[in-house]
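Read the numbers this way: they start at 1 and go in the same order the structure lists the ligands and their atoms.
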Amino acid sequence: MTVFEGQFSGASSLHVAIVVARFNDLVTAKLLSGCLDCLGRHGIDTSASSAQLDTAWVPGSFEIPLVAQKLAASGRYQVVVTLGAVIRGDTPHFDVVVAEVSKGVAAVSRDTGVPVIFGVLTTDTMQQALERAGIKSNLGWSYGLQAIEMGSLMAALAN
Ligand code: INI
């Protein structure tokens, strides 16, 4: 029996793309910094001159799938992380944006075979979003960890 598992030790060779939404950037910028902190602590070069990490900013979460698709299909990255914050109190079309981004991200991942981490917070209030972006914990850090795990797992499955 073979047990496939992602590892966290070989992350220094991983090429990662991050797509982050500007909408609610009070929240998403914190998610990004948590994610970068995690990737950096696992050996990924997160400097401005890094050749293994690229970041794309999009206007809002609705635009995330299109850009994630472009990056995933480029063949340059083993994993793509998406970061956004959709807050129910801010929008009457909360359900539309959430449905589009969640289904879109899942479709990109399946269509390209590249793992795409769903790091889009969906909360009722800004307070809840901020609590998940650093006031209590920073889920950006978890999304970074999940990216490393999935990148490593997919590599193991390919061998
Ligand atoms: N985009 C978000 O990422 N979060 C939101 O809470 C949000 N609200 O509240 O509307 C939001 N809207 C913008 C949307 O993602 C698109 O950028 C916009 O509709 C243009 O296509």
J.: Side chain, backbone, both or neither: which part of Asn24 comes within less than 4.0 Å of ligand 1 when only heavy atoms are counted?
T.: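 Under 4.0 Å from ligand 1, Asn24 contributes side-chain atoms alone.
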J.: Any chance you could measure His42, atom NE2, to Ser9, atom OG, to the nearest 0.5 Å?
T.: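 The NE2 atom of His42 sits 9.0 Å away from the OG atom of Ser9.
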J.: Could you tell me whether the side chain of Ser33 and the main chain of Lys30 form a donor-acceptor pair under 3.5 Å?
T.: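 Side chain of Ser33 to backbone of Lys30: a pair is present.
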J.: May I ask you to list the atoms of ligand 1 that are less than 4.0 angstrom from any heavy atom of His93?
T.: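 Listed by number with element: 10 (O).
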J.: Relative to the heavy atoms of Ile87, which atoms of ligand 1 are at a distance of less than 4.0 Å?
T.: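 Counting atoms of ligand 1 from 1, those under 4.0 Å from Ile87 are 6 (O).
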J.: Please could you name the atoms of ligand 1 that Val86 approaches to less than 4.0 Å, counting only its heavy atoms?
T.: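 What qualifies from ligand 1 is 4 (N), 5 (C), 6 (O).
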J.: Give the single entry among Ala21, Pro59, Ala85 that approaches atom 4 (N) of ligand 1 most closely by any heavy atom.
T.: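 When every heavy atom of Ala21, Pro59, Ala85 is considered, Ala85 comes closest to atom 4 (N) of ligand 1.
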J.: Under the side chain to side chain contact (heavy atoms under 4.5 Å, CB included) test, which residues partner Ser50, sequence neighbours left out?
T.: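 Partners of Ser50 under the side chain to side chain contact (heavy atoms under 4.5 Å, CB included) test: Asp45, Ser47, Gln52, Leu53.
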J.: Considering only Ile, Leu, Val, Met, Phe, Trp and Tyr, and joining two whenever side-chain heavy atoms are under 4.5 Å apart, list the other residues clustered with Val96.
T.: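 When side chains under 4.5 Å apart are linked, Val96 ends up in no cluster with other residues.
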J.: I want to know if ligand 1 touches Phe62 in the polar sense, i.e. an N/O pair below 3.5 angstrom.
T.: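 Indeed, backbone or side chain, Phe62 has an N or O that close.
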J.: Would you call Met126 and Val27 a side-chain contact if the rule is heavy atoms closer than 4.5 Å?
T.: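 Yes, side chains in contact.
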